[in-house]
2 protein chains.
Amino acid sequence: MATYTPDERSKGVRLAKRTEYDADLIHGIINATPILHVSFNAPSKEDDGAAPQFPTILPMLGAIGTYGSEQDPHIYLHGSSVARLSRLTGNSELPLCICATILDGYVLALAPFHNSCNYRSAICFGHAHLATDPAEIDFALHLITNNSIPARWENSRQPPTNAELTSTGVLKVRIETASAKTRAGGPSDERADLRDPEVVGKTWVGVVPAYMVLGEPVAGEENRVKQVPEYLSDWVADVNSLNEQKAIDAVDG
Amino acid sequence: MATYTPDERSKGVRLAKRTEYDADLIHGIINATPILHVSFNAPSKEDDGAAPQFPTILPMLGAIGTYGSEQDPHIYLHGSSVARLSRLTGNSELPLCICATILDGYVLALAPFHNSCNYRSAICFGHAHLATDPAEIDFALHLITNNSIPARWENSRQPPTNAELTSTGVLKVRIETASAKTRAGGPSDERADLRDPEVVGKTWVGVVPAYMVLGEPVAGEENRVKQVPEYLSDWVADVNSLNEQKAIDAVDG
């Protein structure tokens, strides 16, 4: 699977030229985004099938991976909210929309109307169900943990207890369609403004890169490991240099 | 209005103790979040009132403010997607869910099951309509611009042209209910793990602060202002110190 097939859900309506369906691009954005935004319609209490007017959004942790001998990658979502979602959906599947957005910079134009952002964003649509196989839950927790913090799984207490495996809510989402939108580069201004010496003479234009950094790890009260382990200091250094580089690269488009 | 009244949409289902309804807290999170996630149900094309299964999420720019002599603050949303939303909704109001999430840090526990994040998150529900009054659109653009980049409005080409005002899509959202969830502090581990010398002896626990920084402004090709103006270098410095401080403050809970 090199690209997703667009449908009514994922097709680029505006800015079609910025819409892409490449699976690697989409998966990369999902896995690089610390917090995913997950939207769904809570089934109405009367269970009359009526349209719920308001969808809900939950911020959740998640990552994309392929379990065992399966062919397709799935998004695994984890968090205390999974319990709520699974109560809502019971044993049936829940239609989800998952969005990941990374801000790469502020684009400042001569006129505020032309200000913009550099960003990478992905949206996935698919049905979700609660994972119940303990081996797959173990896989998903491992995946989500190490996707955020490489090698953390191996360097903390594992395997999970049976109580942890059975009480951890993991949603498995089949990606039915997906797309990505990205924007890079400097401002694009009106010719009239560019030709106005007063406007051009007083208005700084360009890009201010924006990116997430990790600070110095702060040991907890119960910590007994004197030095911050190398896999953690490497993670901090890698995230900081990679995120900065992505934001700088986006300046030139 | 000091607090929002919770209803079925905004009530804390899980982690009720982390759910708050304070208006200042909620507005502060919305205005401090660079990109808002906006979810809605696209009316089905057949217009048969059937429930659309899949909501959509769009990343958008927006800010909260109170226009003219109005009593209540509204969320104003801006972006090329507004055109799509307003085409979908026509002249009627569109039910929206708006979510803002700020990551403050990774919380590393002895067992991956107890890993967590420090974060501030707000969710607002309400009906949206397209702003049509040019004076209010001007107000909204000013608000959104300066909420991201203080004093940028005054320091770029304004007022907007009539063409800009009439072609800019601005959605005005009445906040009908809203809530915030926040998490701060260090890890919270199982007693059994804390008493296991092998686990405690090899597993670093604590918090790794995370926050967005702004890099050095990079002048665009068309820029003719030699020095980065003070209001921009102040903005970069202020964002960087404030965001770092918030992430550090969250470590201690």
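Convention: sequence-line order gives letters A, B, ...; per-chain numbering from 1.
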Give, as side chain, backbone, both or neither, the part of [X] having an atom under 4.5 angstrom from any heavy atom of chain B.
{"X": "I149(A)", "value": "side chain"}
{"X": "V38(A)", "value": "backbone"}
{"X": "Q227(A)", "value": "backbone"}
{"X": "I57(A)", "value": "both"}
{"X": "E154(A)", "value": "backbone"}
{"X": "D193(A)", "value": "side chain"}
{"X": "P160(A)", "value": "neither"}
{"X": "L214(A)", "value": "both"}
{"X": "L232(A)", "value": "side chain"}
{"X": "Y106(A)", "value": "side chain"}

Between [X] and chain A, with a heavy-atom cut-off of 4.5 Å, which part of the residue counts as in contact: side chain, backbone, both or neither?
{"X": "T145(B)", "result": "side chain"}
{"X": "E164(B)", "result": "both"}
{"X": "A109(B)", "result": "backbone"}
{"X": "V200(B)", "result": "both"}
{"X": "S121(B)", "result": "side chain"}
{"X": "E244(B)", "result": "neither"}
{"X": "V199(B)", "result": "side chain"}
{"X": "E198(B)", "result": "neither"}

Calculate, to the nearest 0.5 Å, the distance between atoms [atom1] and [atom2] belonging to [X] and [Y] respectively.
{"X": "D189(B)", "Y": "R157(A)", "atom1": "CG", "atom2": "CZ", "result": "8.5 Å"}
{"X": "F113(B)", "Y": "T168(A)", "atom1": "CZ", "atom2": "OG1", "result": "4.0 Å"}
{"X": "M60(B)", "Y": "C117(A)", "atom1": "CE", "atom2": "SG", "result": "12.0 Å"}
{"X": "L58(A)", "Y": "S39(B)", "atom1": "CG", "atom2": "OG", "result": "10.5 Å"}
{"X": "I248(A)", "Y": "E216(B)", "atom1": "CD1", "atom2": "CD", "result": "9.0 Å"}

* Begin with the C-alpha distance, continue with both residues' side-chain angles, and end with the deciding distance and a verdict on side chain to side chain contact (heavy atoms under 4.5 Å, CB included) for T56(A) and I123(B). => CA-CA 9 Å; T56(A) 293; I123(B) 190 164; 4.3 Å; yes
At a heavy-atom distance under 4.5 Å, which candidate from [options] has the highest pair count against chain B?
{"options": "N115(A), L96(A), V239(A)", "value": "L96(A)"}
{"options": "Q158(A), E222(A), K226(A), R224(A)", "value": "E222(A)"}
{"options": "P229(A), G126(A), A247(A), S156(A)", "value": "S156(A)"}
{"options": "I35(A), V251(A), L108(A), L194(A)", "value": "L108(A)"}
{"options": "G201(A), G220(A), G206(A), C97(A)", "value": "C97(A)"}
{"options": "A210(A), G186(A), P187(A)", "value": "A210(A)"}

Can you name the closest pair of heavy atoms from [X] and [Y] and give their distance?
{"X": "V236(B)", "Y": "V208(A)", "result": "CG2-CG1, 4.0 Å"}
{"X": "F125(B)", "Y": "P55(A)", "result": "CE2-O, 3.3 Å"}
{"X": "Q53(B)", "Y": "P95(A)", "result": "O-CB, 3.6 Å"}
{"X": "V205(A)", "Y": "R152(B)", "result": "CG1-NH2, 4.2 Å"}
{"X": "E176(A)", "Y": "F54(B)", "result": "OE1-CZ, 3.8 Å"}
{"X": "M212(B)", "Y": "L103(A)", "result": "SD-CD2, 3.8 Å"}

* Could you tell me how the ring of H37(B) sits relative to the ring of H37(A): parallel (under 30°), tilted (30 to 60°) or perpendicular (over 60°)? => parallel
* Asked: Under a 4.5 Å cut-off applied to non-hydrogen side-chain atoms, are W204(A) and P217(B) in contact?
  -> yes
* Asked: Top residue by heavy-atom pair count (under 4.5 Å) with chain A, among Y211(B), W235(B), W153(B)?
  -> Y211(B)
